[in-house]
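What follows is one structure encoded as structure tokens, with my remarks underneath.
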Number of protein chains: 2
Amino acid sequence: MQENEKKNKKQDIYREAAKLFREKGYNAASMRDLAERVQLKASSLYSHIGSKEEILVKICFDNANHFIDGMEKVENMKGGAADKIKALLLLHIRTAIEETTAVTVFNDEWKHLSEPQLSEFVKLRKDYENRFRKIIKKGIDEGELKDLSAEIFLYSLLNSVYWLHNWYRPQGKIKPEQLEHDIVLMLMDGIINVRM
Amino acid sequence: MQENEKKNKKQDIYREAAKLFREKGYNAASMRDLAERVQLKASSLYSHIGSKEEILVKICFDNANHFIDGMEKVENMKGGAADKIKALLLLHIRTAIEETTAVTVFNDEWKHLSEPQLSEFVKLRKDYENRFRKIIKKGIDEGELKDLSAEIFLYSLLNSVYWLHNWYRPQGKIKPEQLEHDIVLMLMDGIINVRM
DNA sequence: GTCTATAACTTGATAGAC
DNA sequence: GTCTATCAAGTTATAGAC
């Protein structure tokens, strides 16, 4: 039972840390704040975790791996560039809804990683973006996508979904299904109403 | 001449502070870091500025006012929703190019403002977003824009341009004119190539 | 595992000589 | 205006009693 309680406490700490990092930013969030939230003294945290940065490292790399796994599935699926881009957008949207706090930390706080994890993280992120870019370029070459800059497509798409967590509230008026539908349609076909 | 030198030094400090806040984040950027960059000792900074936060406040509110001024011009111009949205996108794109560091701090570090400035800043930002939302809603009502969620349009548009500074390099391959052209076209008409 | 006490360090900001 | 010296408060993390 002890082992079980310890695990629950550890999960507690990670979950509350993610929330805290999100609210205040990694540097402004102190171990005393965190301890208070899980009803411990600061020093007791160190019976469960090794360091503050260890928490950040786990959140960042868990999420990076999640997106890279998703990318692998998309690369192996059948379909054209539009299908694959749509699948990637859904991956981002669903993750943002289901793992809001973790995604926030992953997106906003990774820069506070220290070496060598920082370089490793940047490498993973660049790898992900390269694979996304490749899909876009193929779509442009084959005429499925407009002949504009792949770079601009890539980052406009990513920016639209990267910071979803900053405004979307799962408890609000907009249902997840509508969110998915509208964002995908808008990025694919634009906001302009084309009259037939 | 003394007064002139002081002013230059003060500008120096503000400019280097923006860079530093951008690189490290507001909390991780120390006054000792900043002092070193402008070739002073930390204590000497206080002959030119009142506090660290004073710098953040100035950057945030200067930028907020810049965007609100832009919004006012757009509201008073002739044209439909598409024209106005295009004008606002260009405002964001051009500001991101010309004032990269300031926009970064404005976008990413405002949450470290303390009260009452924090509330005041959030109010300005909400005001800006409300006025943007109004333009989008009118466009939907009049059939100029697709009949999808105005909320989703608003934040997908804003997210696409808010974080431009994270990837766009003015010295890189993509010229500002192409950046403006491609982003606007993509957000207006989508990435899908429509064959006639 | 949790606590108190504390080490070792960094932070923003000030006092006062020059 | 710039410096040295310093303060008071905050930081992560550890030592050792229980």
Side-chain angles (χ1 to χ4, degrees), chain A residues 1-60 105 109-115 117-118, chain B residues 1-60 105 109-115 117-118:
Chain A
M1 238 352 125
Q2 265 185 330
E3 187 58 25
N4 207 348
E5 274 173 19
K6 186 184 162 191
K7 265 196 182 164
N8 287 341
K9 203 70 173 174
K10 192 167 178 175
Q11 283 176 352
D12 252 36
I13 292 171
Y14 274 92
R15 195 175 48 243
E16 288 301 320
K19 283 193 208 168
L20 202 59
F21 292 172
R22 182 189 180 189
E23 288 167 32
K24 300 195 168 194
Y26 177 74
N27 270 287
S30 81
M31 296 303 271
R32 285 173 180 81
D33 287 340
L34 176 57
E36 206 173 328
R37 296 215 184 179
V38 295
Q39 308 212 41
L40 284 176
K41 296 292 172 185
S43 59
S44 305
L45 291 170
Y46 294 90
S47 297
H48 303 278
I49 57 153
S51 70
K52 182 184 178 184
E53 184 157 8
E54 183 186 291
I55 304 176
L56 182 63
V57 168
K58 182 170 165 47
I59 295 172
C60 288
V105 176
E109 307 299 329
W110 61 266
K111 70 169 133 179
H112 297 112
L113 290 169
S114 56
E115 298 295 355
Q117 285 96 338
L118 180 60
Chain B
M1 233 1 118
Q2 263 184 332
E3 187 58 22
N4 207 347
E5 274 174 16
K6 186 186 166 190
K7 265 198 183 161
N8 289 340
K9 204 69 175 175
K10 192 168 180 175
Q11 284 176 352
D12 251 38
I13 292 170
Y14 274 92
R15 195 175 49 243
E16 288 302 321
K19 283 193 207 167
L20 203 58
F21 293 171
R22 180 188 182 189
E23 288 168 31
K24 300 195 167 192
Y26 177 74
N27 270 289
S30 79
M31 296 303 271
R32 285 168 177 79
D33 287 340
L34 175 57
E36 206 173 329
R37 295 215 184 178
V38 295
Q39 307 211 43
L40 284 177
K41 296 294 171 183
S43 60
S44 306
L45 290 171
Y46 294 89
S47 297
H48 304 277
I49 57 155
S51 69
K52 184 185 179 185
E53 185 158 7
E54 181 185 292
I55 304 176
L56 182 63
V57 168
K58 182 169 164 50
I59 296 172
C60 289
V105 175
E109 307 300 329
W110 61 267
K111 68 170 137 179
H112 297 113
L113 290 168
S114 56
E115 299 293 357
Q117 286 94 338
L118 179 60

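We name chains A, B, ... by the order of the sequence lines, and we start the count at 1 in each one. Quick caveat: nothing in here was measured; it's all calculated off a predicted structure. Just so you know, these numbers use all the heavy atoms, side chains as well, and skip hydrogens, waters and symmetry mates.
- The side chain of Ser47(B) contributes no N or O atom lying less than 4.0 Å from OP1 or OP2 of dT2(D).
- Remark: Arg15(A) engages Asp12(A) in a salt bridge (charged side-chain N to carboxylate O under 4.0 Å, His left out) (not counting sequence neighbours).
- Counting heavy atoms from C-beta on, the side chains of Glu54(A) and Tyr14(A) come closer than 4.5 Å.
- A heavy atom closer than 4.0 Å to some atom of DNA chain D occurs in Leu40(B), Lys41(B), these being the qualifying members of residues 16-42 of chain B.
- If you measure from atom CD1 of Ile13(A) to atom P of dG1(C), you get 11 Å, rounded to the nearest angstrom.
- The backbone N or O of Val57(B) lies less than 3.5 Å from no partner atom in the side chain of Gln117(B), so there is not a single donor-acceptor pair.
- Contact annotation: Tyr46(A) side-chain N/O to dT14(D) OP1/OP2 distance is not under 4.0 Å.
- Distance, Lys10(B) NZ to dG1(D) C1': 14 Å, rounded to whole Å.
- A donor-acceptor contact under 3.5 Å is not formed by the side chain of Ser43(A) with the base of dT2(C).
- Atom-to-atom, CD of Glu53(B) to C1' of dT11(C) comes out at 15 Å; the value is rounded to the nearest Å.
- For the pair Asn8(A) CG and dG1(C) C1', the interatomic distance rounds to 15 Å; values are reported in whole Å.
- Among Lys24(B), Glu16(B), Glu23(B), the single residue meeting the side chain to side chain contact (heavy atoms under 4.5 Å, CB included) criterion with Asp33(B) is Lys24(B).
- Tyr26(A) and His112(A) have parallel rings, their planes meeting at less than 30° on a 0 to 90° scale where 60° marks the start of perpendicular.
- A heavy-atom distance below 4.5 Å is found between the side chains of Trp110(A) and Leu118(A).
- Taking atom CG on Leu45(A) and atom P on dT2(C), their separation rounds to 9 Å, with Å as the unit.
- With rounding to whole Å, Ile49(B) atom CD1 is found 10 Å from dG12(C) atom P.
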